[in-house]
Q: 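Submitted below is the structure of interest, expressed as structure tokens.
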Amino acid sequence: MEFQEGLNRPVAEFMQSQVGTIVRGTTVSAVARQLLFGQVSGIPVVEEDGTVVGIVTEFDVLEALLDGKDLQQLRTEEIMSTPPVCVGEQTSLLQVLQLMVTHRILRVLVVREGKLVGTVSRTILLREVLEKESASIHELTLCYWCERVRDDFITDEDKEVWCDLSDYLDRHHLTTAEVSFHPAFCSTCAPLVKTLMKREP
Ligand SMILES: [Zn+2]
């Protein structure tokens, strides 16, 4: 029941208010570095005055790379998702979850009079709500690129072991309800992504 009660709480209680942003006009090359080093999956794009105009995700950047675009010439506004999915601070968690599922997005921006005041990601929501629901949620590291998860129970001489989610769940007798995900790049994909990024000087 606590889970249901949690869903009625306003998003302001869950949001992250310290949020990195990108000003419109920034090159995608600079954004790619910010995404990689900030270890976030998406960054809001704002005007000089803080008005939210869009959001750029890792997928948008990777898509531009695959399309052979020159990231140093490409501007953020050319690849950002706009208008971004925004909510007010009093929007309930349930409504936010519905938006995430409907739009298949990882994060929703929280705005006050058009200006960014925070973001709320699927990971934060799952952690906040499910931790109260059950103390036995396993947080798995999930690779964005190949969608494998890291198996921290297996240690292969310091080498990371990555496997399919279904294999992981079978092996450890878990269901999808008992796991949450922390996004990352796996040991195979990280060097590939870095190489792609380095292609431009
Ligand atoms: Zn991977």
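Start at 1 and go down the list; that is how both ligands and their atoms are numbered. Everything numeric in this text was worked out from a predicted model, so none of it was measured.
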Q: Do Asp49 and Thr51 have side-chain atoms, one donor and one acceptor, less than 3.5 Å apart?
A: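 Distance-only check passes for Asp49 and Thr51.
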Q: Is the CZ atom of Arg148 crowded by more than 12 outside heavy atoms at less than 6.0 Å?
A: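 Yes, because the 6.0 Å sphere around CZ of Arg148 holds more than 12 heavy atoms from other groups.
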Q: Do we see a donor-acceptor contact under 3.5 Å between the side chains of Thr57 and Arg107?
A: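 There is no such pair between these side chains.
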Q: Strictly distance-based, threshold 3.5 Å: is any side-chain N or O of Thr195 a donor or acceptor partner for the main-chain N or O of Pro191?
A: yes
Q: Can you tell if the side chain of Thr141 reaches within under 4.5 Å of the side chain of Trp162, non-hydrogen atoms only?
A: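 Thr141 vs Trp162: side chains touch.
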Q: Are more than 12 heavy atoms from other residues, nucleotides or ligands located less than 6.0 Å from atom CD of Gln16?
A: no
Q: Just to be careful: counting only protein atoms that are N, O or S, how many fall under 2.8 Å of the Zn ion (ligand 1)?
A: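 There are 4 of them.
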